[in-house]
Number of protein chains: 2
Amino acid sequence: MPANSRFAIAVHILTLMARADAKPLKSDEVACSVNTNPVVIRRILCALSKAGLVVSQTGASGGSRLAMKPNQITLLAVYRAVDAGDVFALHPQPPNAKCPVGMNIEGALDRILDEVEQGVERVLEKITIEKVLRSIEPRGSARRAS
Amino acid sequence: MPANSRFAIAVHILTLMARADAKPLKSDEVACSVNTNPVVIRRILCALSKAGLVVSQTGASGGSRLAMKPNQITLLAVYRAVDAGDVFALHPQPPNAKCPVGMNIEGALDRILDEVEQGVERVLEKITIEKVLRSIEPRGSARRAS
DNA sequence: TTCATTTGTAACTATAATTGTTACTAATAC
DNA sequence: GTATTAGTAACAATTATAGTTACAAATGAA
């Protein structure tokens with residue numbers, strides 16, 4: 001099924017929570033909106049919790065809520081929290097070290113991958129969960145950035 | 001095995017060809033440097049050929065060579081030629097259309113994916129095969145990074 | 001013309017990652 | 001105490017990738 005959707009689902013989850021304000025959401029409720037199994041949601045919530053983006057509580061009337069304001073959560077933080085994977089993979093097998101190109105290409109590709117990831121991060125750090133929520137709200141409860 | 005290495009291998013192949021100058025390389029020779037099966041190489045060469053980056057010829061003393069100068073081939077062209085896949089995937093199942101967030105989140109994520117891909121492309125369009133080759137040559141024709 | 005060589009491509013296998021699922025434990029509120 | 005919920009382990013189903021074998025089509029050389 002490869003090509004992972006954890007980042008997309010994480011953004012969805014956090015947007016739901018931003019909309020719910022401080023009210024904790026249960027993994028069942030979130031799963032209903034995302035249209036998947038609650039365990040899939042809890043796995044991602046666990047990563048978001050370890051990254052300090054959400055706070056969860058077990059027990060009756062438990063659930064999860066944002067650990068900070070929606071305008072303090074950038075998509076870069078989300079991208080790093082869930083392991084979204086690299087933009088491209090390097091060689092499956094190490095190249096031939098006896099070839100002048102094979103010997104050095106991995107280092108070169110590694111540096112390129114770093115630059116590409118930085119390009120991704122520059123974009124993601126400019127977008128917040130608040131911004132995503134506002135881009136979704138048809139109108140009405142939309143609110144200015146604080 | 002997911003997370004595809006076609007872009008990495010394509011850059012490797014083109015760098016070999018840049019170094020070989022106009023001499024056509026056989027898929028066997030390339031496979032030896034990349035350390036994989038010649039068919040894997042030919043599959044990628046086929047994509048590069050369709051994109052007009054290389055020229056191939058069947059038959060005895062055939063092989064493939066660059067279709068243009070190494071400084072005219074950007075990594076963006078390579079990235080587009082091989083299907084490197086998206087930076088992140090959207091929802092595996094469509095979200096719940098009855099939820100205000102579920103209804104609109106896919107569009108928002110799509111726009112974010114577009115921006116991210118543009119971030120990737122801005123980086124890749126600045127790097128050419130010539131630059132990769134120079135960053136690899138141990139010395140002699142080596143040149144300072146720019 | 002004939003033959004060896006090479007690409008192009010189809011078909012199949014093995015591997016690995018993801019998502020979905022069930023089942024259970026631990027924590028918490030009422 | 002009891003019901004509820006998160007956290008997590010274990011496993012199945014799906015899917016993409018890379019590797020492999022096999023063969024047709026094209027080409028150049030004898």
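Residue numbers start from 1 in every chain, and the chains themselves are labelled A, B, ... in the order their sequence lines are given, proteins ahead of strands. These numbers come from the heavy atoms of this one structure, side chains and all, not from hydrogens, waters or symmetry mates.
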With B for base contact, S for sugar-phosphate-only contact and - for none (protein heavy atoms under 4.0 Å), nucleotides 25-30 of chain C reads --BBS-
Enumerate, atom names and distances included, each donor-acceptor pair closer than 3.5 Å involving a side-chain atom of residues 75-103 of chain B, sequence neighbours excluded.
{"unit_1": "B:Y79", "atom_1": "OH", "unit_2": "B:E117", "atom_2": "OE1", "d": "3.4"}
{"unit_1": "B:R80", "atom_1": "NH2", "unit_2": "B:E121", "atom_2": "OE1", "d": "2.9"}
{"unit_1": "B:H91", "atom_1": "NE2", "unit_2": "A:H12", "atom_2": "ND1", "d": "2.8"}
{"unit_1": "B:N96", "atom_1": "OD1", "unit_2": "B:K98", "atom_2": "N", "d": "2.8"}
{"unit_1": "B:N96", "atom_1": "ND2", "unit_2": "A:C32", "atom_2": "O", "d": "3.3"}

Nearest-angstrom distance from the residue atom [atom1] of [X] to [atom2] of [N]:
X     : N      : atom1 : atom2 : result
B:K26 : C:dT7  : NZ    : P     : 7 Å
A:I41 : D:dG7  : CD1   : C1'   : 14 Å
B:L25 : C:dT7  : CG    : P     : 10 Å
B:R42 : D:dC23 : CZ    : P     : 14 Å
A:N4  : C:dG20 : CG    : C1'   : 15 Å
A:D86 : D:dA16 : CG    : C1'   : 17 Å
A:Q93 : D:dT20 : CD    : P     : 9 Å
A:R65 : D:dA6  : CZ    : C1'   : 15 Å

Does OP1 or OP2 of [N] have a side-chain N or O of [X] closer than 4.0 Å?
X     : N      : value
B:T36 : D:dG19 : yes
A:N37 : C:dT21 : yes
A:S5  : C:dT19 : yes

NZ/NE/NH1/NH2 to OD/OE distance under 4.0 Å, A:E130 and A:R134: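 Answer for the salt bridge query: yes.
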Can a salt bridge be assigned to the pair B:E137 and B:R19 using a cut-off of 4.0 Å between side-chain N and carboxylate O? yes
Nearest 0.5 Å, what's the CG-OG1 distance between B:L14 and B:T128? 11.5 Å
Classify [X] by what it touches in the nucleic acid, base, sugar-phosphate, or nothing, heavy-atom distance under 4.0 Å.
X     : value
A:G85 : nothing
A:R6  : sugar-phosphate
A:I44 : nothing

How bent is the helix from C:dT1-D:dA30 to C:dC30-D:dG1, comparing axes over its five end pairs at each side, to the nearest 10°?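 Between the first-five-pair axis and the last-five-pair axis there is 20°.
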Between A:R43 and B:L45, which has a closest nucleotide on DNA chain C that is more 5'?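 Per heavy-atom nearest nucleotide, the more 5' residue is B:L45.
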Of B:I127, B:V11, B:L66, which is the lone residue that meets side chain to side chain contact (heavy atoms under 4.5 Å, CB included) with B:I73?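 Running side chain to side chain contact (heavy atoms under 4.5 Å, CB included) over B:I127, B:V11, B:L66 with B:I73 returns exactly one hit, B:L66.
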Is a side-chain N or O of [X] found less than 3.5 angstrom from the main chain of [Y], in a donor-acceptor match?
X     : Y     : result
A:N4  : A:R6  : yes
A:S33 : A:V30 : no
B:E29 : B:K26 : yes
A:Q72 : A:K69 : yes

Minimum-distance nucleotide (side-chain atoms of A:S27 versus D:dT20, D:dT17, D:dA6): D:dA6
Closest listed nucleotide, where the reference is the side chain of B:S56 and the choices are C:dT9, C:dG8, C:dA23: C:dG8
Give me the atom names and distance for the closest heavy-atom approach of B:T74 to B:L124.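 B:T74 and B:L124 have their closest heavy atoms at CB-O, 4.1 Å.
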